[in-house]
Number of protein chains: 2
Amino acid sequence: MSEITKTRIIDAAGEVFAEKGFEQATVREICKRADVNLASINYHFGDKQKLYIEAVKRAHCEGEEDEPLLIPAELPAERKLYYFIEHMMADMLDRESPTWHVELMMREMARPTLACTELVQSYIGPKFSILMSIIEEMVPSTLTLSKKHLLAFSVVGQCLLYRFHRPIGKLLIGDDEFESLFDVSYLARHICEFSLQGIQSLSVSQETSL
Amino acid sequence: MSEITKTRIIDAAGEVFAEKGFEQATVREICKRADVNLASINYHFGDKQKLYIEAVKRAHCEGEEDEPLLIPAELPAERKLYYFIEHMMADMLDRESPTWHVELMMREMARPTLACTELVQSYIGPKFSILMSIIEEMVPSTLTLSKKHLLAFSVVGQCLLYRFHRPIGKLLIGDDEFESLFDVSYLARHICEFSLQGIQSLSVSQETSL
DNA sequence: ATATGTTTCAAACGGCTGTTTGAATTAATG
DNA sequence: CATTAATTCAAACAGCCGTTTGAAACATAT
């Protein structure tokens with residue numbers, strides 16, 4: 001068993017796929033970076049596509065090991081929400097030298113391919129469930145599931161903006177100011193306070209006029 | 001002057017670039033769809049890259065003509081915000097048969113290329129300014145510009161989620177429920193109400209404890 | 001009608017792509 | 001040690017890519 005070759009390929013593939021995306025990445029560059037022969041990918045994985053799926057699998061496996069999301073159960077829901085947001089932002093932005101694991105998952109989120117379903121089931125889904133349970137602590141139990149989903153989407157939407165539209169943000173308000181805003185805990189605090197207002201308003205009045 | 005050939009090429013290019021992105025689109029398919037000779041692109045535009053920039057230019061020009069955003073000045077700021085959000089959501093999602101103009105701009109927002117700067121200057125920037133002026137009507141004039149920017153980002157972040165992460169959303173909560181949520185005015189109302197709470201809370205207390 | 005400039009066309013060029021091949025090398029088994 | 005299986009390797013394959021070429025077709029003006 002030459003398992004080391006396989007993992008060397010997957011690691012190199014993860015890097016290249018993360019940097020360039022599936023289509024733009026070339027098997028030649030992957031093999032060169034892994035220092036293996038050009039035919040190795042097809043021999044060990046069948047084709048480029050299957051290698052990609054393996055890379056995404058490893059990405060969210062190791063990503064989960066890196067920093068598990070454990071929120072103390074005894075905290076008030078408001079602080080749990082902050083923990084959640086802060087963790088999510090740090091996961092996406094904070095790495096001084098971002099590993100390819102996160103980068104690859106983000107790519108899959110932005111433009112889902114075959115590997116997307118599994119990513120949702122084993123990575124995004126569980127995190128979303130945690131957020132949902134936090135929200136459920138803060139709203140009346142009579143609130144419909146759909147409305148709770150909308151609240152969760154509003155929270156993650158604010159977070160994802162800073163990951164996926166950073167270049168636009170920089171162009172909009174200028175590099176300097178954008179970078180000065182770009183502190184994880186500062187952004188997390190803003191998003192949390194902003195969201196708490198929206199969530200808690202549904203705790204009292206079910207509908208407002210508009 | 002065979003200007004008609006140039007516009008035929010740009011139209012076809014817009015479609016293909018919107019569907020596949022710059023790298024994945026091929027000049028052969030563009031020419032085939034435009035029903036022009038293969039060499040026409042290089043003759044009229046120089047190369048593929050320059051054609052792409054022309055296509056993006058036309059995209060936001062015609063996109064602007066389609067539905068200009070004019071918000072009645074006499075409305076209260078809360079309703080202006082709703083108008084803005086509803087317009088933005090409709091722009092991104094509502095088209096029964098979405099034109100390539102929007103699709104191409106969205107692609108450029110997700111992964112900016114050379115054409116991005118101009119897109120921000122002539123399309124995204126003006127819209128963002130409108131949102132900023134609406135927010136300024138609702139918060140104390142003493143609030144720093146940075147804080148107002150954060151508020152604006154929170155609003156657009158919620159909107160963009162439904163455009164850029166729709167496949168993930170479907171996988172998370174199921175196709176059926178996601179599609180049932182997917183009504184522009186319903187989503188716009190939710191986002192607006194949610195955001196109004198966050199914005200207005202800054203109007204009274206500058207800081208909350210966390 | 002002739003000459004000039006513009007636009008179209010089929011064909012080819014060089015380069016990069018994922019994949020395959022068959023021999024050479026290494027590891028494992030009797 | 002001999003034999004078989006698993007792995008590596010250099011080379012080539014077939015196909016698509018953006019771009020170029022030089023001749024043909026067309027339009028315009030003298």
Side-chain angles (χ1 to χ4, degrees), chain A residues 1-59 100 103-104 107-108 111-116, chain B residues 1-59 100 103-104 107-108 111-116:
Chain A
M1 285 288 199
S2 130
E3 206 68 22
I4 53 163
T5 304
K6 287 186 75 169
T7 64
R8 274 246 299 282
I9 293 177
I10 291 185
D11 282 335
E15 287 182 28
V16 180
F17 284 138
E19 284 174 24
K20 318 229 175 140
F22 175 75
E23 322 275 4
Q24 214 55 15
T26 72
V27 295
R28 277 173 174 81
E29 180 172 358
I30 293 172
C31 290
K32 192 175 168 189
R33 216 180 280 201
D35 198 34
V36 299
N37 185 269
L38 177 57
S40 300
I41 287 180
N42 301 80
Y43 178 78
H44 286 284
F45 297 92
D47 59 14
K48 184 187 177 187
Q49 177 94 248
K50 296 188 184 103
L51 169 61
Y52 177 76
I53 292 178
E54 291 303 311
V56 174
K57 278 186 190 171
R58 180 179 304 259
W100 58 267
E103 201 71 39
L104 191 54
R107 231 175 230 284
E108 192 64 28
R111 248 167 229 291
T113 68
L114 301 181
C116 180
Chain B
M1 286 286 204
S2 134
E3 206 68 24
I4 52 164
T5 304
K6 287 186 74 168
T7 65
R8 274 244 299 283
I9 292 178
I10 290 186
D11 283 336
E15 286 182 27
V16 181
F17 283 138
E19 285 175 23
K20 318 227 175 145
F22 175 76
E23 322 274 4
Q24 216 53 17
T26 71
V27 295
R28 279 173 172 81
E29 180 172 358
I30 293 171
C31 289
K32 192 176 168 188
R33 216 180 279 201
D35 198 35
V36 299
N37 185 269
L38 178 57
S40 300
I41 287 181
N42 300 79
Y43 178 78
H44 285 285
F45 297 93
D47 58 15
K48 185 187 176 186
Q49 178 97 246
K50 295 188 185 103
L51 169 61
Y52 177 75
I53 292 178
E54 291 304 310
V56 174
K57 278 185 189 171
R58 181 179 305 258
W100 60 266
E103 200 72 38
L104 191 55
R107 230 175 232 283
E108 192 64 28
R111 249 168 229 290
T113 68
L114 299 182
C116 180

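Letters A, B, ... are given to chains in the order of the sequence lines, protein chains preceding strands, and every chain is numbered from 1. Only a predicted model underlies this, so the values are computations on that prediction, with no experimental measurement involved.
- Residue B:His44 places no side-chain N or O under 4.0 Å from the OP1 or OP2 atom of C:dT6.
- Closest contact between the side chain of A:Tyr43 and the listed nucleotides D:dT7, C:dT17, D:dT20 involves D:dT7.
- Rounding to whole angstrom units, CD of residue B:Gln24 and C1' of C:dT17 are separated by 11 Å.
- Map A:Ala39 and A:Val27 each onto its nearest nucleotide of DNA chain C; the residue landing nearer the 5' end is A:Val27.
- Atom CZ of B:Arg58 is separated from atom CG of B:Asp11 by 5.5 Å, given to the nearest 0.5 angstrom.
- Within 4.0 Å of B:Leu38, counting heavy atoms only, lies at least one base atom of the nucleic acid.
- Taking only side-chain nitrogens and oxygens, B:Asn37 never comes nearer than 4.0 Å to OP1 or OP2 of C:dT7.
- Taking only side-chain nitrogens and oxygens, B:Thr5 comes nearer than 4.0 Å to OP1 or OP2 of C:dT8.
- When every heavy atom of B:Arg8 is checked against every heavy atom of B:Asp35, the shortest pair comes out as NH2-O, 3.3 Å.
- Ranking D:dT19, D:dT8, C:dT19 by closeness to the B:Arg28 side chain, first place goes to D:dT19.
- Distances shorter than 4.0 Å separate none of the side-chain N or O atoms of B:Ser40 from OP1 or OP2 on C:dC9.
- Atom CG in B:Asn42 sits about 10 Å away from atom P in D:dG18, given to the nearest Å.
- Rounding to the nearest 0.5 angstrom, the gap separating the CD1 atom in B:Ile30 from the CD1 atom in B:Ile41 is 4.5 Å.
- Here the side chain of B:Thr26 is nearest to one of C:dG18, C:dT21, D:dC17, namely D:dC17.
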